[in-house]
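Structure first, then comments.
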Amino acid sequence: MTTKFGRLADYPRVPLSVLPTVIEAAPRLSTELGLNLFIKRDDMTGLAFGGNKTRQLEFYFGAAQAKNADTILITGAVQSNYVRVAAAAAARMGWDIHVQAEERVAGMDEIYYQTGNILLGDLLGVQRYSYPEGEDEAGADAAIQAIAEGLRAEGKKPYVIPLGPGNPPLGALGYVMAAAEVVAQLQASATKMDAIVIASGSGFTHAGLLFGLRALGQNVDVYGVCVRRNSGLQRLRIASHCSALAEMLGVGEVVLDEDIILFDGVLAPGYGQMNPATADAIVLTARCEGLFLDPPYTGKTMAGLIAMAGNRTLAANSNVLFVHTGGTPGIFAYGPQLQHWVEP
Ligand SMILES: *Cc1c(COP(=O)(O)O)cnc(C)c1O
């Protein structure tokens, strides 16, 4: 790994991803949007239907292994992709997995609680606990620590993957590494990107990629599309992750305030909730490229990209890289909502 990433090699890592993921052209969608659109296929990172969480969890599982853990504890939304991939990784390690499910998305029907990532988690053997709040990260972290204490008393060796922004953003290191992968791929194909568009949720993916690119001296614009919080709150979160990365790696503050670009125009009505622009983006991408996007994350992010192409934030005919962060199994949990929007 490049020395530009400072102490990265000091952080233990369990390889879980099939890398590198390909970058594909999206010619029919490009024509539709008046851009040269490319897609980084991080939906194909391999483990358990892939997605961005395989890169992130490599570092949490590395830390857990270094502490001789035999049990993973993690919090996520009911249809969390993070939980699904963590459960698959735990299965591979021969470890137990305990999951705290937050009620983040109100008003969903029973399909949401049964299929998609829930079904896959059941197959993987997750033990579930419910946390009735969706916006109380400190409370959720405290509750899962209490579960870990109980397991410790039973002789288990639990490792908690925390939620709150005060913890070192270990998961972002996976996307610091991904930045080197993207830069090498673009150099090999002699392609220069004008912009990269990526989902911004916990912010590990956005902050990690942005930090990695700047550490490598790349000044391509990175647009984070807000899928969880408005751009004001998200800006603070990305800035704090980037400062933490600088400290963890010992490479200085390579990300400036003006490097943090956020778009929250397609977030409403809120996390994990459909809106017409997202449904249109999912259908357009499927019908132009045969490629599936999920409602909470990649569909919303593509809706943001389409909006920014429409208002010329992304210049006509510019080279734009969309990072497909996965989430595919979640599509099934949104079946009734999607069906509602789709014209036959
Ligand atoms: C978690 C997730 C994201 C958001 O990534 P963060 O690192 O949390 O910002 C984007 N896409 C998919 C499919 C996800 O599961």
Side-chain angles (χ1 to χ4, degrees), residues 17 21 39-45 47-60 74-88 102 104-105 116-117 120-121 137 161-165 167 169-179 196-212 222-229 231 233-238 240-242 244-245 260 262-264 266-267 271-272 278 281-282 285 291-305 322-334:
S17 316
T21 60
I39 301 182
K40 174 71 169 163
R41 295 293 306 274
D42 267 15
D43 56 319
M44 302 207 301
T45 52
L47 180 65
F49 297 100
N52 61 342
K53 300 312 183 313
T54 75
R55 293 189 194 260
Q56 297 184 8
L57 286 165
E58 290 186 345
F59 286 93
Y60 289 105
I74 185 170
T75 301
V78 170
Q79 280 293 335
S80 168
N81 300 304
Y82 205 16
V83 164
R84 179 231 323 150
V85 177
E102 297 167 291
R104 269 192 220 168
V105 189
N117 287 309
L120 299 177
E137 290 179 318
I161 299 175
L163 208 55
N167 299 286
L170 274 184
L173 296 176
Y175 273 86
V176 172
M177 283 182 67
I196 297 179
V197 178
I198 194 162
S200 200
S202 76
F204 286 172
T205 311
H206 179 185
L209 189 74
L210 177 60
F211 189 94
V222 177
Y223 292 86
V225 176
C226 296
V227 297
R228 183 80 200 272
R229 299 174 183 81
S231 51
L233 290 173
Q234 192 66 6
R235 165 173 300 279
L236 299 175
R237 192 169 272 250
I238 300 299
S240 118
H241 289 339
C242 289
L245 286 170
I260 302 174
L262 290 156
F263 177 79
D264 63 5
V266 292
L267 175 60
Y271 172 80
T278 299
I282 291 171
T285 305
L291 189 66
F292 292 116
L293 305 177
D294 71 310
Y297 297 108
T298 56
K300 252 182 198 172
T301 304
M302 185 62 83
L305 185 154
F322 172 83
V323 183
H324 189 327
T325 45
T328 320
I331 293 172
F332 299 99
Y334 284 83

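Treat the numbers as computed from the prediction; the structure is a model and nothing was measured. First listed ligand is number 1; within each ligand, the first listed atom is number 1.
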Mark up the atoms of ligand 1 that fall under 4.0 Å of a heavy atom belonging to S202, in ascending order. 6 (P), 7 (O), 8 (O), 9 (O)

Verify the neighbour count for atom CZ of F263: are there more than 12 heavy atoms of other residues, nucleotides or ligands below 6.0 Å? yes

Per side-chain contact (heavy atoms from CB on, under 4.5 Å), L262 is matched among R237, R229, R235 by R235

Does CZ in F292 sit with more than 12 non-hydrogen atoms of other residues, nucleotides or ligands closer than 6.0 Å? no

Could a heavy atom of G51 be found less than 4.0 Å from some atom of ligand 1? no

Is the closest heavy-atom distance from K53 to ligand 1 below 4.0 Å? yes

Can R55 be said to sit on top of Y175's aromatic six-ring, NZ or CZ under 6.0 Å from centre and within 45° of the ring axis? yes

Please answer whether the main-chain N or O of Y297 pairs with a side-chain N or O of T301 as donor and acceptor at a distance below 3.5 Å. yes

Considering only heavy atoms of N81, which atoms of ligand 1 have at least one such atom less than 4.0 Å away? 13 (C), 14 (C), 15 (O)

For ligand 1, which atoms sit closer than 4.0 Å to a heavy atom of F204? 7 (O), 9 (O)

If I apply the N/O under 3.5 Å rule, does Y297 come out as touching ligand 1? no

Does some non-hydrogen atom of Q56 fall short of 4.0 Å from ligand 1? yes

For atom 9 (O) of ligand 1, which candidate among G201, A199, C226 provides the closest heavy atom? G201

Residue-level breakdown please: for N52 versus ligand 1, do any non-hydrogen atoms fall below 4.0 Å on the side chain, on the backbone, on both, or on neither? side chain

Is it the case that ligand 1 has an N or O less than 3.5 angstrom from some N or O of T325? yes

Please find the pair of heavy atoms, one from I238 and one from H206, that lie closest to each other, and give the distance. CD1-ND1, 3.6 Å

E102 meets the salt bridge (Lys or Arg N to Asp or Glu O under 4.0 Å) criterion, sequence neighbours left out, with R104

Using the side chain to side chain donor-acceptor pair (under 3.5 Å) rule, take T325 and D42 through it: C-alpha gap first, then chi angles, then the decisive distance, then the call. CA-CA 5 Å; T325 45; D42 267 15; over 6 Å; no

Can you list the atoms of ligand 1 that are under 4.0 Å from a heavy atom of G327? 13 (C)

At less than 4.0 angstrom from any non-hydrogen atom of T205, what atoms of ligand 1 do you find? 5 (O), 6 (P), 7 (O)

